[in-house]
> 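Handing you this structure, nothing more for now.
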Amino acid sequence: MFNSKSKHAEEFISDEEILSSLAYAKQQKDNTQVLDEILKQAETFQGLDYRQVAVLLECVDAQNRTVLDEIHRIAMKIKQHIYGNRIVFFAPLYLANHCVNSCRYCGYHHSNCQMVRKKLTQEEIEREIIALQDMGHKRLALETGEDPINIPIDYVLESIQTIYNVKHKNGAIRRVNVNIAATTVENYRKLKEAGIGTYILFQETYHKPTYEYMHPAGPKHNYSYHTEAMDRAMEAGIDDVGIGVLYGLYDWKYDTVGMMLHVKHLEDTFGVGPHTISLPRMRFASDVDLGDYQRVPDQVFYDIVAILRCAVPYTGMIISTRESKENRRELLRLGISQLSGGSCTGVGGYAEEDKQEQDTSQFKVDDERSLDEIMNELCKTGYIPSFCTACYREGRTGDRFMQLAKSGQICNVCQPNALMTLKEYAIDYASEETREFAEKLIQQEISNIQNEEIRAKTIENLKQIESGNRDFRF
């Protein structure tokens, strides 16, 4: 039976409820009154429930462009209203690719004899961090395979400490988000104490038979333990969690509705939904045959992203360098608020001395541009690249962040913080052309800070940054 507050995965992610919602959606896809009500609700920034999302997804399947064009318009309105032109940047950092799981879609799977296994030492991590700081990054997503022997929790904790301790020139990593395998409440408490930002874990697919087929061996095979991981993280005090599915493993409508059930479960149980939703699609990986998976076409993917922005207006939505630069441009318009840039998915791939001829990557990236090239394009087209980590460091997490976001007050800190971190990037790391675009953008956007006191303080802080001071935040 479906119970959104249950602690059991198969009750809060109910197969019966998902199928019932998809059946309901087929009945309502041509119901003009129902569609109008859903769209009107979305436009008021209230979000949508899983059944409403199912109805809109059915419009995608039916290619009802009249409705879909309206969804796109509303998604762009929501994006602009809540996030403005700000785009938050991060980079993944792969510590190790040892793994005891047998995930069929992942290059790290245990039986992949083509994969060169590597685990970074603390000295190698320092070199990686210096290389990332020299690019301009301030926040990381820490990634590893799952291997209790080679990658114990103590190694992860030590690595987080190393990352935070590296100070190079004007560089510092100010936020470490962590994407590691499902673990215990005790270990989540240790991660919380280590000062992590968001704990991220992808469900991959919410369809249990497919999930178990895709994970035939190893601890990840346990559907319930994996699906209930966010509950344990929340119980341990981590109130910023990030979820996601891997599109291409199973039916995209089923998995999107399943993800919305997960959102509802977190909101109903803990009072706050996911801080982020990641939206990866299947990509080429070592010893993985893409022909075995269901391709989600670009246009369908655009529609999914737009629907999710309507459904979860205050949740950060992430697109990685799995996607091409052309796709990422389009997805930014439709609701994406966070991007990775200059990414490497191999172990030890950032520091020049650690580069290897042999492949250690989890999957192949598609957008291979440098961070500066991406920054250049965004500044030139009016987006504000942001390296802000202020909310995490000021304790604006979980329900405290959501209260500020829903009241509209969050823009009073996000806009100036974005401009100040962009100023740091422009001075410390940007190419000459990117610096010119960034400086022009900063001057244009200062006037958009509505609060006069905050605007005056931002201008003062920008001058302080020009004088060599760093790390101002509201």
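Only heavy atoms go into these numbers, but all of them, side chains included; no hydrogens, no water, no symmetry mates. For this chain, numbers begin at 1 and follow the sequence in order.
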> Check for a donor-acceptor pair, side chain of R295 on one end and backbone N or O of G291 on the other, with a separation under 3.5 Å.
no
> List the steps and the verdict of side-chain contact (heavy atoms from CB on, under 4.5 Å) for S431 and E373.
CA-CA 9 Å; S431 64; E373 288 174 310; over 6 Å; no
> I need the S386 OG to L339 CG distance, nearest 0.5 Å.
11.5 Å
> Going from OG on S286 to CG on N112, what distance comes out if it is rounded to the nearest 0.5 angstrom?
4.0 Å
> Verify the distance criterion only: is there a donor paired with an acceptor across the side chains of S159 and Q122 at less than 3.5 Å?
yes
> Apply the test salt bridge (Lys or Arg N to Asp or Glu O under 4.0 Å) to residues K325 and D367: give CA-CA distance (whole Å), side-chain angles for both, the deciding distance (0.1 Å), then the verdict.
CA-CA 5 Å; K325 60 184 179 181; D367 188 348; over 6 Å; no
> Got a sec, which pairs hit salt bridge (charged side-chain N to carboxylate O under 4.0 Å, His left out) with one end in residues 339-350, sequence neighbours left out?
none
> Looking at SG of C310 and CD1 of I71, how far apart are the two atoms once the value is rounded to the nearest 0.5 Å?
6.5 Å
> In Å and rounded to the nearest 0.5 Å, what is the CD1 to CG distance from I384 to L378?
10.5 Å
> For R65, enumerate each residue passing the salt bridge (charged side-chain N to carboxylate O under 4.0 Å, His left out) test, keeping only those at least two apart in sequence or located in another chain.
D69, D303
> Step by step, would you call K190 with E193 a salt bridge (Lys or Arg N to Asp or Glu O under 4.0 Å)?
CA-CA 5 Å; K190 291 177 180 178; E193 292 167 1; over 6 Å; no
> Under the rule for salt bridge (charged side-chain N to carboxylate O under 4.0 Å, His left out), what residues qualify as partners of E17, not counting sequence neighbours?
R51
> For the pair E330 and R333, find out whether any cationic side-chain nitrogen is under 4.0 Å from an anionic carboxylate oxygen.
yes
> For residues N376 and E433, is any side-chain donor paired with an opposing acceptor at under 3.5 Å?
yes
> If you look only at pairs with a residue in residues 254-283, which of them pass as a salt bridge (charged side-chain N to carboxylate O under 4.0 Å, His left out), with sequence neighbours excluded?
K264-D268, R281-D298, R281-E323, R283-D366
> Check salt bridge (charged side-chain N to carboxylate O under 4.0 Å, His left out) between K380 and all other residues, then give those that pass, not counting sequence neighbours.
none
> Is a donor from one side chain sitting under 3.5 angstrom from an acceptor on the other, for D372 and T434?
yes
> Between R322 (side chain only) and M282 (backbone N and O only), is there a donor and an acceptor less than 3.5 Å apart?
no
> Looking at F89, I'd like to know if the NZ or CZ of R139 sits under 6.0 Å from its six-membered ring centre while staying within 45 degrees of the ring's axis.
no
> Is there a donor-acceptor pair closer than 3.5 Å between any side-chain N or O of R435 and the backbone N or O of A430?
yes
> If you look only at pairs with a residue in residues 155-166, which of them pass as a salt bridge (charged side-chain N to carboxylate O under 4.0 Å, His left out), with sequence neighbours excluded?
none
> Nearest 0.5 angstrom please: E368 CD to I374 CD1, how far?
11.0 Å
> Under the side-chain hydrogen bond (donor to acceptor under 3.5 Å, both in side chains) criterion, do Y302 and N327 qualify, and how do the steps go?
CA-CA 8 Å; Y302 300 159; N327 283 341; 2.5 Å; yes
> Side chains of T227 and Q203: donor-acceptor distance under 3.5 Å anywhere?
yes
> Considering all heavy atoms of both residues, which atom of A311 and which atom of V53 are nearest to each other, and what is their separation?
CB-CG2, 3.5 Å
> Using modelled atom types and a 3.5 Å cut-off, is there a donor and acceptor pairing between side-chain atoms of H265 and backbone atoms of S4?
yes
> Which pair of non-hydrogen atoms, one from I87 and one from K79, has the smallest distance, and what is that distance?
CD1-NZ, 3.7 Å
> Under 3.5 Å, is there a donor-acceptor pair between the side chain of Y225 and the main chain of T183?
yes
> Without swapping roles, check the side chain of H137 against the backbone of G341 for a donor-acceptor pair under 3.5 Å.
yes
> Evaluate the side-chain proximity of T198 to I196: yes if any heavy-atom separation is below 4.5 Å, no if none is.
no
> Do the charged groups of D251 and K253 touch, with an N to O distance under 4.0 Å?
no
> Does S340 reach the main-chain N or O of T321 with its side chain, forming a donor-acceptor pair under 3.5 Å?
yes
> Suppose we screen for ring-ring contact (aromatic ring centres under 6.0 Å, His included). Which residues come up paired with Y83, at least two apart in sequence or across chains?
none
> Can you name the ring-ring contact (aromatic ring centres under 6.0 Å, His included) partners of Y206, sequence neighbours left out?
H262
> Could you list all the salt bridge (charged side-chain N to carboxylate O under 4.0 Å, His left out) pairs where at least one residue sits in residues 2-15, not counting sequence neighbours?
K7-E235, E10-K208
> Please name the pair of heavy atoms, one in T205 and one in Y250, separated by the smallest distance, quoted to 0.1 Å.
OG1-CB, 3.5 Å
> How about Y211 and H226: are their ring centroids closer than 6.0 Å?
yes
> Begin with the C-alpha distance, continue with both residues' side-chain angles, and end with the deciding distance and a verdict on side-chain contact (heavy atoms from CB on, under 4.5 Å) for L290 and F284.
CA-CA 6 Å; L290 282 179; F284 171 81; 4.1 Å; yes
> Hey, is the main chain of V116 close enough, under 3.5 Å, to the side chain of N97 for a donor-acceptor pair?
yes
> For I160, run the side-chain contact (heavy atoms from CB on, under 4.5 Å) check against L95, L142, I125 and tell me which one passes.
L142
> Which pairs with one or both residues in residues 154-185 pass ring pair (Phe, Tyr, Trp, His ring centres under 6.0 Å), sequence neighbours excluded?
none
> For V347 and K118, which heavy atoms make the closest approach, and how far apart are they?
O-CD, 3.6 Å
> Using only atom types and a distance under 3.5 Å, with no angle test, would you say the side chain of S6 pairs donor to acceptor with the backbone of H8?
yes
> Just wondering, do T389 and I173 contact through their side chains at under 4.5 Å, heavy atoms?
no
> Considering residues at least two apart in sequence or located in another chain, which fulfil the salt bridge (charged side-chain N to carboxylate O under 4.0 Å, His left out) criterion with D147?
none
> Flag the pair E377 and R369 as a salt bridge only when some basic side-chain nitrogen lies within less than 4.0 angstrom of an acidic carboxylate oxygen.
yes
> Under 4.0 Å between a side-chain nitrogen and a carboxylate oxygen: does that hold for E212 and K220?
no
> Quick check against the 3.5 Å criterion: does E126 have a side-chain atom that pairs as donor or acceptor with the backbone of N165?
no
> Between R175 and N177, is there a side-chain donor-acceptor contact under 3.5 Å, judged purely by atom types and distance?
yes
> Tell me, which pairs form a ring pair (Phe, Tyr, Trp, His ring centres under 6.0 Å) where one or both residues lie in residues 101-120, sequence neighbours left out?
Y105-H215
> Test side-chain contact (heavy atoms from CB on, under 4.5 Å) on T345 and V365 and set out the steps.
CA-CA 7 Å; T345 63; V365 302; 3.7 Å; yes
> Starting at CD of E128, measure out to OH of Y350 and round the result to the nearest 0.5 Å.
7.5 Å
